[in-house]
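In what follows, a structure is listed as structure tokens, so that the remarks can point back to it.
Values below: every heavy atom of this structure, side chains too, minus hydrogens, waters and symmetry copies.
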Amino acid sequence: MGAPQQAETDEALEELLLFIREARGFDFTGYKRSTLGRRINKRMTDVGVTSHADYKDLLETSADEFRALFNTILINVTSFFRDADSWTLLQREIIPELITDLAPDQEIRVWSAGCSSGEEPYSLAIMFAEALGMDECLRRVKIYATDVDEEALREARSGLYPAKSLEPLTTELRERYFEQDGAQFSFHPDLRRRVIFGRHDITRDAPISRLDLLVCRNTLMYFNVEAQTQIVDRFHFALRKEGFLFLGKAEMLLNDAERFEVTDMRQRIFRRSTGQAGAPYQPAPLKIRAGSGPEVAAVSRSRQVRDLALDAGPTASITIDAEGTLVVVNSQARIQFGLSTADLGRPFQDLELSYRPVELRSLIDQSVEERRTLRVSRVERRVGEEVQYVDILIQPLSGANGLHLATTVSFSDVTVSTQLKAEVKRIREDLETAYEELQSTNEELETTNEELQSSIEELETTNEELQSTNEELETTNEELQSGNEELETMNDEMRIRTEELDEAKAFLEAVLTSIAAGVVVLDSDLKVKSWNRGAVDLWGLRTDEVIDQSFFGLDFGLPTELLRPVVSECLTSRQRSGPVGVRAMSRIGRAITCDIFCSPFDGHHGGVVLMMEEARTDPQG
């Protein structure tokens with residue numbers, strides 16, 4: 001493909017991606033263009049479309065095609081305990097160390113990012129139940145499972161899997177954690193409730209925090225370098241100090257040795273470094289690819305400024321939509337009330353904040369009904385042993401048409417504490433002193449690092465090239481595996497259909513065989529298509545001697561030419577006729593009178609059915 005044609009194709013692809021983002025909110029900006037283009041072209045080939053413009057027209061008219069496209073792009077290749085060696089190491093060495101590091105009553109927080117249809121988070125639940133025991137696991141472990149694919153999340157929430165999906169599990173684990181439910185198997189209901197599913201885009205949404213274990217396997221490899229860097233920044237923020245990060249076999253952390261220690265490079269298990277202070281999380285915009293167009297950059301910048309402004313507000317703030325669902329939680333609200341992005345989308349009435357420190361639901365209803373802002377002053381809130389006082393502002397939001405859209409609730413801390421201010425000042429001075437000492441140490445280290453930088457840069461370049469190649473190969477492997485699963489499904493369907501056809505064929509043959517009279521089926525060309533056992537017994541010709549032969553060209557004891565008018569009339573009128581008595585000679589040379597019935601055949605390509613039987617002699621005659 002020439003350079004101008006390639007540039008035109010790239011521009012058309014970017015326009016299609018912009019349309020997808022504006023129409024459905026799926027932002028594929030950070031995905032590798034080689035993989036993305038290949039998956040979109042596959043779907044275009046499946047539906048017989050040759051240009052991106054024509055495919056955009058198809059998406060505008062078909063909601064089902066959007067779903068099929070997302071399923072093609074988001075390759076949901078997963079299984080229970082996928083890559084068994086990695087999970088064995090995790091279960092035998094990592095999980096016991098993780099549990100030992102925590103207090104006996106401390107909550108264990110786990111995040112499965114890119115959970116697909118749920119096999120991975122349920123594998124984690126089984127692993128912790130085996131390590132802690134069921135009762136302690138139900139009490140302490142909380143697993144967040146997220147993905148951008150709503151259809152995959154619906155399947156994951158059901159907890160239902162066919163028997164084939166459970167093949168990687170031992171018989172003991174299957175019996176302990178699954179119950180048969182019709183043709184499928186359902187995951188342990190109590191343990192299922194410890195897994196919280198939700199839609200989350202790791203390139204855009206704020207990460208879940210204070211994690212002990214973060215599992216994100218074979219997901220990073222679909223993104224470009226800029227997106228991978230931003231995602232790893234979010235993962236670093238999400239993990240507590242010494243928390244573990246479990247990646248896929250094709251993924252590595254390049255140039256992150258100061259933030260993540262290697263626990264096992266072969267199995268891609270890393271640990272957040274104890275010496276790295278956790279910087280406050282700030283959502284950073286993805287870098288826009290060259291040639292992606294000014295509209296993409298403008299929309300991205302606008303959205304990023306809006307997100308930063310909402311999240312960085314000085315007071316804690318939440319927003320509840322008209323249906324009573326929590327839709328916005330800013331940074332201060334997450335810190336003060338222990339909320340997280342996993343709570344987004346939950347009914348507000350299910351959250352402790354809805355009734356403590358004050359009954360907010362009735363106040364929200366009053367504010368909406370009266371269409372005015374309400375203020376509640378100096379509400380007492382206990383935080384451990386301390387008492388905090390907050391002013392609460394409840395403000396209804398309406399659209400241009402005057403209809404109620406949502407309600408914003410703001411919390412202003414009005415607690416006055418001289419001791420707290422002095423403590424903050426002292427901590428600030430200590431931090432400044434520590435920073436100066438750290439700065440001096442860094443200057444000494446920089447002098448040494450400069451001498452090694454040249455060699456390191458060469459190694460990093462080679463490493464990045466190898467990593468990119470490895471990710472591309474793994475992506476292709478997953479695409480092939482997905483295609484193979486589709487072929488296996490088609491083979492199973494064909495096998496079932498073949499068995500059904502064989503059964504129907506055997507049934508029809510048995511019916512024809514059981515009829516004592518001779519039955520002959522002729523096609524529209526008057527060739528023999530069926531010759532049953534009764535015909536063999538009557539005339540002495542075997543089936544293999546007559547099949548596909550012209551009926552009126554056969555030489556046996558029946559004068560077939562006498563039947564030609566009857567057959568022609570039946571073909572024309574499509575009406576049953578007979579019986580027609582014909583003098584004939586049976587296979588044993590005995591003269592008989594044969595009664596023949598002729599019926600139209602409405603099967604494949606038409607024809608007629610002849611039924612022949614020897615006329616019975618009247619004993620009185």
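- Here the rule is side-chain contact (heavy atoms from CB on, under 4.5 Å) with Phe411, and of Val376, Ile392, Val379 only Ile392 fits it.
- When side chains are defined from C-beta on, Phe337 does not count as touching Leu351, because their heavy atoms never get closer than 4.5 Å.
- The environment of Gln180 atom CD is dense: over 12 non-hydrogen atoms of other residues, nucleotides or ligands sit within 6.0 angstrom.
- For CD of Glu359, the number of neighbouring non-hydrogen atoms (other residues, nucleotides, ligands) closer than 6.0 Å is greater than 12.
- In this structure, Leu353 CG and Leu339 CG are separated by 6.0 Å, a value rounded to the nearest 0.5 Å.
- Among all heavy-atom pairs drawn from His236 and Arg272, the shortest one is O-NH1, 2.7 Å.
- Among the candidates Phe187, Phe80, Phe185, the single residue satisfying the ring-ring contact (aromatic ring centres under 6.0 Å, His included) test with Tyr161 is Phe80.
- Residues Thr315 and Gln336 fail the side-chain proximity criterion, which asks for heavy atoms closer than 4.5 Å.
- By the neighbour-count criterion of 12 heavy atoms within 6.0 Å, atom OH of Tyr355 is densely surrounded, having more than that number from other residues, nucleotides or ligands.
- Minimum heavy-atom separation, Ala156 to Phe197: CB-CE2, 3.5 Å.
- The CD1 atom of Ile318 sits 14.0 Å away from the CD atom of Gln332 when rounded to the nearest 0.5 Å.
- Glu261 has its side chain out of reach of Phe270: every pair of non-hydrogen atoms, C-beta onward, lies at least 4.5 Å apart.
- Proximity of a side-chain donor or acceptor of Gln388 to a complementary backbone N or O of Arg381 within less than 3.5 Å is not detected.
- Remark: Arg217 qualifies as a cation-pi partner of Phe246 under the 6.0 Å distance and 45° angle criteria applied to the six-membered ring.
- Put simply, the side chain of His200 gets close to the backbone of Ala206: a donor and an acceptor are under 3.5 Å apart.
- The backbone N or O of Asp350 sits nowhere less than 3.5 Å from a side-chain atom of Ser354 that would complete a donor-acceptor pair.
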Determine, stepwise, if the pair Asp201 / Arg21 fulfils salt bridge (Lys or Arg N to Asp or Glu O under 4.0 Å). CA-CA 13 Å; Asp201 187 342; Arg21 186 177 67 189; over 6 Å; no
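- Remark: Arg140 CZ to Leu102 CG distance equals 6.0 Å, nearest 0.5 Å.
- For the 3.5 Å distance criterion, the side chains of Ser117 and Glu119 qualify, holding a donor opposite an acceptor.
- Taking both residues in full, the closest heavy atoms of Thr78 and Ser116 are given as CG2-OG, 3.8 Å, listed atom of the first, atom of the second, then distance.
- Applying the 6.0 Å contact sphere to CD of Glu97 captures more than 12 heavy atoms from other residues, nucleotides or ligands.
- To the nearest 0.5 angstrom, Gln184 atom CD is 10.0 Å from Leu166 atom CG.
- Leu344 is not listed as a side-chain neighbour of Asp205, based on a closest heavy-atom distance of 4.5 Å or more.
- In the displayed structure, Arg139 atom CZ is contacted under 6.0 Å by more than 12 heavy atoms of other residues, nucleotides or ligands.
- Two rings, from Phe128 and Tyr177, have their centers 6.0 Å or more apart.
- When all heavy atoms of Glu120 and Ser112 are compared, the closest pair comes out as OE2-OG, 2.6 Å.
- Ile94 is not listed as a side-chain neighbour of Asp264, based on a closest heavy-atom distance of 4.5 Å or more.
- Atom CZ of Arg234 sits about 12.5 Å away from atom CD1 of Ile208, to the nearest 0.5 Å.
- Checked for salt-bridge contact, Arg210 and Glu107 miss the test: no charged N lies under 4.0 Å from a carboxylate O.
- Taking the side chain as every heavy atom from C-beta outward, Arg378 and Val414 approach each other to under 4.5 Å.
- Checked by atom type and distance alone, the side chain of Thr408 never pairs as donor or acceptor with a backbone atom of Gln395 at under 3.5 Å.
- Leu124 is listed as a side-chain neighbour of Leu213, based on a closest heavy-atom distance under 4.5 Å.
- How far OG of Ser273 is from CG of Leu239: 12.0 Å, rounded to the nearest 0.5 Å.
- With hydrogens and angles disregarded, a donor-acceptor distance shorter than 3.5 Å links the side chain of Thr88 to the backbone of Ala84.
- At distances below 3.5 Å, not a single donor-acceptor pair connects side-chain atoms of Ser367 with backbone N or O atoms of Leu363.
- Formation of a donor-acceptor pair under 3.5 Å by the Asp343 side chain with backbone atoms of Ser340 is found in this model.
- A side-chain donor-acceptor contact under 3.5 Å links Arg192 to the backbone of Arg157.
- A donor-acceptor contact shorter than 3.5 Å links the side chain of Asn330 to the backbone of Ser317.
- Side-chain atoms of Arg240 do not come within 3.5 Å of backbone N or O of Asp212 as any donor-acceptor pair.
- Between Arg361 and Asp365, no side-chain nitrogen of the basic residue sits less than 4.0 Å from a carboxylate oxygen of the acidic one, so the salt-bridge criterion is not met.
- Between Ala406 and Thr319, the closest heavy-atom pair is CB-CG2, 3.8 Å.
- Inter-residue side-chain proximity for Arg346 and Leu326 is flagged as unmet; no heavy-atom pair is nearer than 4.5 Å.
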